[in-house]
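Proteins get letters first, then strands, A, B, ... in listed order; numbering begins at 1 in each. The structure presented is a predicted model; accordingly, all values stated were derived computationally and were not measured.
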Amino acid sequence: MRAADVSDWGTLVFEIMSQQTPIARVQPIWLEWMERWPTPADVAAASSADIIVAWANLGYPSRALRVKACAAAIVEKHDGEVPLSLKELTLLPGVGTYTASALLAFRHGIRVPVLDTNVRRVLVRFLDGREFPPHTTPSKAETMRADAILPEDGHHAAEVSLSLMEFGALVCTQLNPSCDECTIHDNCAWAAAGFPKDEKRPTPQPYAGTDRQARGRIMKALRTAHFEGTDGLTKRKVLDAARIDGGDRYQPTRVYRALLKDGMIVYNEDTKRVSLPR
DNA sequence: CATTCGTGGGA
DNA sequence: TTCCCAAGAAT
């Protein structure tokens with residue numbers, strides 16, 4: 001959240017929740033989350049299971065564990081205060097260049113380029129005449145170029161960054177941009193070049209039948225069990241939950257092991273039950 | 001560097 | 001109904 005009465009930590013949690021997740025879905029869960037665990041110390045002291053359950057349907061639940069790890073790092077290495085440098089922020093779990101920049105720019109008016117997927121697409125089209133950025137992560141040159149077009153004042157720079165983000169989200173969109181209604185059409189290098197299609201368009205991400213879907217089934221079953229106060233589920237139940245249409249016969253076991261390795265779930269040798277980590 | 005990591009509302 | 005996607009990070 002970018003309101004004035006929200007803490008740095010609250011903003012950071014909101015930004016991490018918003019990674020690849022629609023804002024509309026984030027907001028209500030973030031509100032409950034902040035009421036329950038207002039500070040990094042609160043989150044660090046909470047159980048991982050409660051954290052994952054509170055993450056609810058935001059998706060990519062590993063981010064929930066990263067928020068907890070991030071909180072712990074802030075408590076241990078920064079005396080409970082969110083550090084306000086790009087360097088220190090990006091060293092925190094779950095915080096990459098985008099999230100760190102967004103916090104510094106939008107909350108503190110610090111002059112740093114904010115390169116999310118929308119901004120990158122807008123700049124590469126308008127300046128280079130290409131449909132999409134060449135790589136999945138911003139290059140050094142991209143960052144420097146973005147920096148160069150920002151106004152001197154940090155607060156103004158943040159406004160420009162936010163405008164670019166929204167422009168990319170609403171007008172200069174990934175697949176069907178509204179070039180007819182675009183107000184900067186006349187100066188756009190991509191328009192001048194005749195809107196050339198990129199060779200390697202972003203590959204559509206399949207979901208049905210994938211390990212991700214199977215993992216999601218397991219995590220949902222365990223979230224529900226934990227929320228209802230059950231002491232986990234039998235391994236049999238967990239593997240059954242991972243059975244999905246389109247999955248191969250080894251998928252349940254493969255996915256189960258991966259979740260154990262990721263620390264998303266734990267197996268108790270004594271109770272013979274699988275549950276969310278403490 | 002390309003790939004992996006969920007979810008459910010709306011087109 | 002089926003498909004598409006939404007403020008990235010870690011590996």
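A distance of about 23 Å separates the P atoms of C/dA9 and B/dG8, rounded to the whole Å. With both ends at atom P, the span from C/dA7 to B/dA11 equals 15 Å, rounded to whole Å. With C1' as the reference atom, C/dA6 and B/dG6 are 12 Å apart, rounded to whole Å.
Nucleotides of DNA chain B that come within less than 4.0 Å of any heavy atom of chain A span, from the 5' end to the 3' end, B/dA2 to B/dG8.
Taking side-chain N and O atoms only, A/Gln20 has a distance below 4.0 Å to OP1 or OP2 of C/dG8.
Rounded to a whole Å, the CG atom of A/Leu12 is 13 Å from the C1' atom of C/dG8. The separation between A/Phe14 atom CZ and C/dG8 atom C1' is 15 Å, rounded to whole Å. Summarising the geometry, the separation between CG on A/Asn57 and P on C/dC5 is reported as 20 Å, rounded to the nearest angstrom. Going from atom CD of A/Glu166 over to atom P of C/dA7 covers 10 Å, rounded to whole Å. Atom P of nucleotide C/dA9 and atom CG of A/Leu103 are separated by 12 Å, given to the nearest angstrom. Distance, A/Arg121 CZ to C/dC5 P: 10 Å, rounded to whole Å. Distance A/Leu92 CG to C/dA9 C1': 13 Å, rounded to the nearest Å. The CZ atom of A/Arg63 sits 12 Å away from the P atom of C/dA10 (whole-angstrom rounding).
With salt bridges taken as basic N to acidic carboxylate O contacts below 4.0 Å, one links A/Arg243 and A/Asp240.
Looking at heavy-atom distances under 4.0 Å, A/Arg223 makes contact with sugar-phosphate atoms alone, never a base. Backbone-only engagement by A/Leu175 is indicated by non-hydrogen atom pairs under 4.0 Å involving sugar-phosphate atoms exclusively. Nucleic acid contact class of A/Ala169 (heavy atoms, under 4.0 Å, all strands): sugar-phosphate only. Across all strands, A/Asp262 comes closer than 4.0 Å to no nucleic acid atom at all (heavy-atom distances). Across all strands shown, A/Arg25 has heavy atoms under 4.0 Å from base atoms, whether or not it also approaches the sugar-phosphate. Using a 4.0 Å heavy-atom cutoff across all strands shown, A/Val95 reaches sugar-phosphate atoms only and no base atom. Across all strands, A/Gly59 comes closer than 4.0 Å to base atoms (heavy-atom distances).
For the pairing with A/Tyr60, the side-chain hydrogen bond (donor to acceptor under 3.5 Å, both in side chains) check across A/Arg212, A/Gln20, A/Gln19 returns one residue only, A/Arg212. When the options A/Arg223, A/Arg36, A/Arg278 are evaluated for a salt bridge (charged side-chain N to carboxylate O under 4.0 Å, His left out) with A/Asp50, the one that passes is A/Arg36.
The minimum heavy-atom distance between A/Ala241 and A/Arg217, with the atom names listed, is O-CB, 3.0 Å.
There is no side-chain donor-acceptor pair under 3.5 Å between A/Asp8 and A/Thr11.
With hydrogens and angles disregarded, a donor-acceptor distance shorter than 3.5 Å links the side chain of A/Trp30 to the backbone of A/Gly10. Within the 3.5 Å criterion, the main-chain N or O of A/Thr210 finds a donor-acceptor partner in the side chain of A/Gln251.
Map A/Arg66 and A/Pro22 each onto its nearest nucleotide of DNA chain C; the residue landing nearer the 5' end is A/Pro22. Remark on DNA chain B: of its neighbouring residues A/Met219 and A/Thr136, the 5'-side contact belongs to A/Thr136, judged by nearest-heavy-atom nucleotide. Nearest-nucleotide assignment on DNA chain C puts the 5′-proximal partner with A/Tyr207, out of A/Tyr207 and A/Thr137.
Between C/dC4, C/dA6, C/dG8, one nucleotide has an atom nearer to the side chain of A/Thr117 than all others, and that is C/dG8.
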